[in-house]
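Step one of this worksheet: look at the structure below.
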Amino acid sequence: MYVNATPIRYFVRHRAAHKFASPLAFAFDIDGVLISGDNALPPAKRALSIVNGNSEFGVKIPYILLTNGGGVSESARCHKLSQQLGIKIEPEQYIQAHTVLKSVVQQYADLPVLVLGGKGDTLRKVAQGYGFKQVYNTLDVLAWNSSVWPFHSLTSEERASVMITDFSKISLAAIFVFHDPRNWALDIQVMCDVIRSGGIVGGPYLPDHARNSVDLIFCNPDFIWKSDFERPRLGQGSFKEAFQAVFKSLTGAPYPYTQFGKPTEATYTFAEKVLRNRLLGISYMVGDNPESDIAGANAARWKSILVRTGVYDPRQGPPRHRPTHEVEDVEQAVRWALEQEFRP
């Protein structure tokens, strides 16, 4: 194997005297790969030490974190990850489910949009940071009219976060599900109201041909994800199915939507642009979810490594999407990839 027409053995032996681009880069999933709940998995710190040059090859390997998580700003999550992993993670290295929305913000920047997920108005602030100027959430709707969903009363903390708005005078152009909704019932009810009325909460329900189309965008297709609970938890993909089941029961058909997040082509294309200035060689995706990490990497023609520390359980049978390689944890994944690229 060669890098810049220089044999790998020469590259490793003379790394101090010559500066070459790395022949590979990593994209690491987070939950179930580097982190479990609030704690770093022990192999994660060892793996990141290796990619930072502490190996027999002595070469720093570029990497990004590519996750279907979210719910906070990139800078806030990187600060927490840096503390958990004991290594500085820069926002430029981090792509979460809704980061890709930066690529479409110009289309909606001046339009009223509804943002779902997260706690309080955290994601309003994230969306505003991306460039969305008119951002509302379902707590704002409930504060405007408590009859919208009478089975939830706003807490004092929620009430302090709302933006007082008369939704009878606003036509919402799009619904963005940034992160996993906290109140599925409220959010599904408001989504149905907005779509069926052509954007106006409380407006009359209109037939398809007579109403404005409201764009619907989901950022994470994962049905399940790995927390520190011993069994996988329902994710945003499950919420999407719940909404579509209700909407179809009400109208006779599911509602069209745009999907971002792993394994979509849009998210991997976005990730490739982030890696482009760091990489001249091969991208390796290390993940725990065959349906998102492995499927997306395979479709993007990256190398894929499946670990057993998260969603994937080999006792349930072979994965539907086969990885390039399967290992126990992220440290083994990194060591295997380096062997592939640095051994002649």
Side-chain angles (χ1 to χ4, degrees), residues 69-77 79-80 96-99 101-102 104-105 107-205 211-212 214-220 234-236 238-240 242-243 246-247 255 257 260:
V72 296
S73 69
E74 285 76 8
S75 59
R77 187 70 198 278
H79 176 72
K80 183 176 181 180
Q96 56 188 349
H98 43 78
T99 306
L101 296 180
K102 294 177 180 180
V104 302
V105 67
Q107 182 180 346
Y108 301 96
D110 296 314
L111 300 175
V113 299
L114 187 71
V115 167
L116 305 185
K119 295 181 179 179
D121 65 345
T122 299
L123 284 173
R124 188 202 317 278
K125 296 172 182 175
V126 172
Q128 290 170 339
Y130 290 173
F132 294 92
K133 298 174 183 176
Q134 300 186 62
V135 184
Y136 305 97
N137 60 39
T138 54
L139 297 180
D140 300 336
V141 176
L142 195 59
W144 166 67
N145 189 334
S146 61
S147 297
V148 166
W149 187 252
F151 306 111
H152 179 77
S153 297
L154 293 173
T155 66
S156 57
E157 183 180 6
E158 289 172 335
R159 193 168 294 281
S161 75
V162 302
M163 180 181 295
I164 302 303
T165 307
D166 185 351
F167 283 94
S168 67
K169 298 178 180 179
I170 292 178
S171 182
L172 294 162
I175 301 170
F176 290 90
V177 187
F178 268 52
H179 193 238
D180 299 23
R182 299 313 199 254
N183 189 329
W184 286 27
L186 168 64
D187 288 2
I188 289 173
Q189 178 67 77
V190 173
M191 290 171 73
C192 290
D193 286 340
V194 170
I195 292 170
R196 297 183 72 193
S197 65
I200 300 175
V201 182
Y205 293 158
R211 69 182 182 227
N212 295 327
V214 176
D215 294 343
L216 176 59
I217 300 94
F218 291 93
C219 293
N220 174 8
L234 297 178
Q236 190 183 132
S238 298
F239 172 80
K240 179 181 69 179
F243 160 74
V246 171
F247 192 85
Y255 193 73
Y257 63 92
F260 290 117

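Just so it is clear, the values below take in all heavy atoms, side chains as well, and ignore hydrogens, waters and symmetry mates.
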If I compare all heavy atoms of [X] with all of [Y], which pair ends up nearest, and what's the gap?
| X | Y | value |
| --- | --- | --- |
| V72 | Q96 | O-NE2, 2.8 Å |
| Y136 | R124 | CA-NH1, 3.8 Å |
| V162 | A143 | CG2-CB, 3.9 Å |
| N220 | A97 | CB-CB, 4.2 Å |
| A174 | Y108 | CB-CE2, 3.7 Å |
| I170 | P112 | CG2-CB, 3.7 Å |

With a 4.5 Å cut-off on side-chain heavy atoms, are [Y] and [X] touching?
| X | Y | value |
| --- | --- | --- |
| L123 | F176 | no |
| T138 | Q189 | no |
| V141 | N145 | no |
| L114 | V214 | no |
| T122 | H179 | no |
| F247 | C192 | yes |
| M191 | Y255 | no |

Residue pair F243, V177: steps toward the side-chain contact (heavy atoms from CB on, under 4.5 Å) verdict:
CA-CA 11 Å; F243 160 74; V177 187; over 6 Å; no

Pair D193, Y205: side-chain N/O donor-acceptor within cut-off below 3.5 Å
yes

Return yes if some donor-acceptor pair links the side-chain N/O of [X] with the main-chain N/O of [Y] below 3.5 Å, else return no.
| X | Y | value |
| --- | --- | --- |
| Q134 | D110 | yes |
| D140 | M163 | yes |
| Q236 | C219 | yes |

Going by side chain to side chain donor-acceptor pair (under 3.5 Å), E158 matches just one of K119, R182, H152. Which one?
H152

Drop me the distance from [X]'s [atom1] to [Y]'s [atom2], to the nearest 0.5 angstrom.
| X | Y | atom1 | atom2 | result |
| --- | --- | --- | --- | --- |
| D187 | L116 | CG | CG | 4.5 Å |
| L142 | L154 | CG | CG | 4.5 Å |
| I195 | D215 | CD1 | CG | 10.0 Å |

Would W144 and V201 satisfy side-chain contact (heavy atoms from CB on, under 4.5 Å), going step by step from the backbone distance to the final call?
CA-CA 10 Å; W144 166 67; V201 182; 3.8 Å; yes

Please walk me through it: do F239 and D180 pass side-chain contact (heavy atoms from CB on, under 4.5 Å)?
CA-CA 8 Å; F239 172 80; D180 299 23; over 6 Å; no

Using 30° and 60° as the class limits, which term best fits the ring planes of F178 and Y130: parallel, tilted or perpendicular?
parallel

Test side-chain contact (heavy atoms from CB on, under 4.5 Å) applied to I217 and L101, step by step
CA-CA 10 Å; I217 300 94; L101 296 180; 4.2 Å; yes

